[in-house]
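Step one of this worksheet: look at the structure below.
First listed ligand is number 1; within each ligand, the first listed atom is number 1. Note that the structure is predicted; figures quoted are calculated from it, not measured. We use all heavy atoms of the structure for the numbers below, so side chains are in, but hydrogens, waters and symmetry mates are not.
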Amino acid sequence: MSQEYKIDTLAIHAGQEPDPSTGAIMTPIYQTSTYVQPDVGQHLGYEYSRTDNPTRTALQANLAALEGAKHGLVFASGLAATDIVMRLMRPGDHIVVGDDVYGGTYRMFDKVLKHYGLEFSYIDLTDLDAFQQALRPNTKLVWLETPTNPNLKLADIAALSELAHARQAQVVVDNTFASSYLQNPLALGADIVLHSTTKYLGGHSDVVGGAVMLNNTEIYEQLKFLQNAIGSVPGPQDCWLVLRGIKTLAVRMERHCRNALTLAQWLSDHPAVAQVLYPGLPDHPQHELAKRQMRDFGGMISIILKGGEPAAREMVKRTHLFALAESLGGVESLIEVPYAMTHASTADSDIAVDPGLVRLSVGIEHIDDLQADLAEALKEL
Ligand code: P1T
């Protein structure tokens with residue numbers, strides 16, 4: 001499919017030709033584990049579904065197109081994708097990580113991979129001097145989220161990539177919070193883009209998945225080898241759900257962004273709210289970077305309540321439309337307290353999450369209903 005098409009069009013069509021045997025416009029769910037071979041050593045393109053499956057092939061091509069990448073690979077979850085990328089590392093390698101990442105990412109690095117001889121430094125990547133000082137001769141990888149989960153800090157992908165490349169380190173951007181619709185890190189100089197497709201790409205809170213997109217064919221071959229060798233692949237039905245979700249990515253993201261900006265502005269004036277963290281607000285420390293680096297400001301808002309942790313825990317019990325749940329990026333609004341939920345594993349670490357921080361995944365419901373729900377929950381807090 002032509003890379004000239006806009007992302008809205010690619011989302012619907014890339015990687016998906018009508019099925020040649022029936023004309024079915026939707027990519028079939030190839031619910032098969034294996035494929036008949038005409039003779040020993042011959043096959044019709046597929047041998048075994050851990051290695052490849054046509055529904056997965058379609059999703060991988062679609063995701064690559066969304067990031068303007070040559071290659072895409074999908075995995076059973078966002079963390080499975082993270083695990084595969086980290087298997088490019090060798091004992092003794094050093095990885096610089098943003099000091100604000102998903103709690104599960106931190107947990108994998110600190111509780112699993114550290115024991116395999118990898119060294120991690122957690123750095124505030126909004127500070128380019130601190131970043132440069134953190135680079136060591138054995139730094140092989142820079143791992144960043146932007147916007148970050150849950151503090152919504154932004155990292156300058158182009159500047160960090162330039163500095164990292166000067167020291168022969170590769171840059172991985174976890175693009176989950178922005179989605180491919182709002183930000184394309186490879187075009188800004190990053191080497192690998194990673195997504196939890198569970199979030200905006202899937203978009204309907206009905207599937208768990210992960211993806212990696214990149215241009216470097218040599219690294220792609222290594223990752224593809226690992227995908228098959230390790231086996232953390234998604235099934236065809238899960239791939240199909242993500243493909244289906246992506247078709248409406250553009251329209252969903254536009255509504256997520258519009259709703260979130262309206263709520264962020266309104267929350268900024270609310271007496272119970274000490275601080276609103278949203279890149280679309282002019283007082284966000286990286287607002288100018290957000291305007292340069294992102295197409296729009298996203299659907300995630302974090303707020304810090306004046307009443308601290310007790311107020312945060314009370315608020316999330318009171319909402320009706322905003323469901324108290326982990327995860328994000330679905331059409332329905334969610335609310336949570338990262339300190340006690342998604343980021344509980346970062347307690348006593350270099351990752352600082354305010355106990356009074358409430359994270360909102362703003363859905364695509366009507367803005368009036370969402371605002372009324374929050375207004376009611378914040379009353380006299
Ligand atoms: O849940 P999984 O599909 O394995 O994705 C992990 C992951 C990776 N990167 C980011 C930025 C994420 O936010 C996540 C998952 N996050 C949540 C479940 C959450 O509620 O924050």
Determine whether the side chain, the backbone, both or neither of Arg359 has a heavy atom under 4.0 Å from any heavy atom of ligand 1. side chain

Among protein heavy atoms, which lies nearest atom 13 (O) of ligand 1, and at what distance? Asn149 ND2, 3.0 Å

Part of Met341 within contact of ligand 1 (heavy atoms, under 4.0 Å): neither

Please report which non-hydrogen protein atom sits nearest to atom 2 (P) of ligand 1, along with the residue it belongs to and the distance in Å to one decimal place. Gly78 N, 3.4 Å

Could you tell me which atoms of ligand 1, counted from 1 in the order shown, lie closer than 4.0 angstrom to a heavy atom of Gly209? 3 (O)

Under the criterion side chain to side chain donor-acceptor pair (under 3.5 Å), I'd like the reasoning laid out for Tyr278 against Gln265: C-alpha separation, chi angles, the key distance, then a yes or no. CA-CA 9 Å; Tyr278 184 67; Gln265 287 164 339; over 6 Å; no

Counting each atom of ligand 1 from 1 as listed, which ones have a heavy atom of Ser196 under 4.0 Å away? 2 (P), 3 (O), 5 (O), 7 (C)

Numbered atoms of ligand 1 (with element) below 4.0 Å of Asp174, judged on heavy atoms: 8 (C), 9 (N), 10 (C), 11 (C)

If you measure from each non-hydrogen atom of Glu336 to ligand 1, which part falls under 4.0 Å: side chain, backbone, both or neither? neither

Any idea which atoms of ligand 1 are less than 4.0 Å away from a heavy-atom of Glu145? 11 (C)

Among all protein heavy atoms, pick out the one at the shortest distance from atom 7 (C) of ligand 1; state its residue, atom name and that distance to 0.1 Å. Tyr102 CD2, 3.4 Å

Short N or O distance, Leu79 and ligand 1, threshold 3.5 Å exclusive: yes

Should one rank Leu328, Thr198, Thr82, Asn175 by closest heavy-atom distance to atom 3 (O) of ligand 1, which comes out on top? Thr198

So if I apply the salt bridge (Lys or Arg N to Asp or Glu O under 4.0 Å) rule between Glu119 and each of Arg136, Lys114, Lys140, which one comes out positive? Arg136

Just heavy atoms, cut-off under 4.0 Å: does Val101 contact ligand 1 by side chain, backbone, both, or neither? neither

Which option out of Glu326, Met108, Lys199 puts a heavy atom nearest to atom 18 (C) of ligand 1? Lys199

Phe109 and Phe120 aromatic ring geometry - parallel, tilted or perpendicular at 30°/60° bounds: parallel

Are the ring centres of Tyr106 and Tyr122 closer than 6.0 Å? yes

Any Lys/Arg nitrogen of Glu288 or Arg292 sitting under 4.0 Å from an Asp/Glu carboxylate oxygen of the other? no

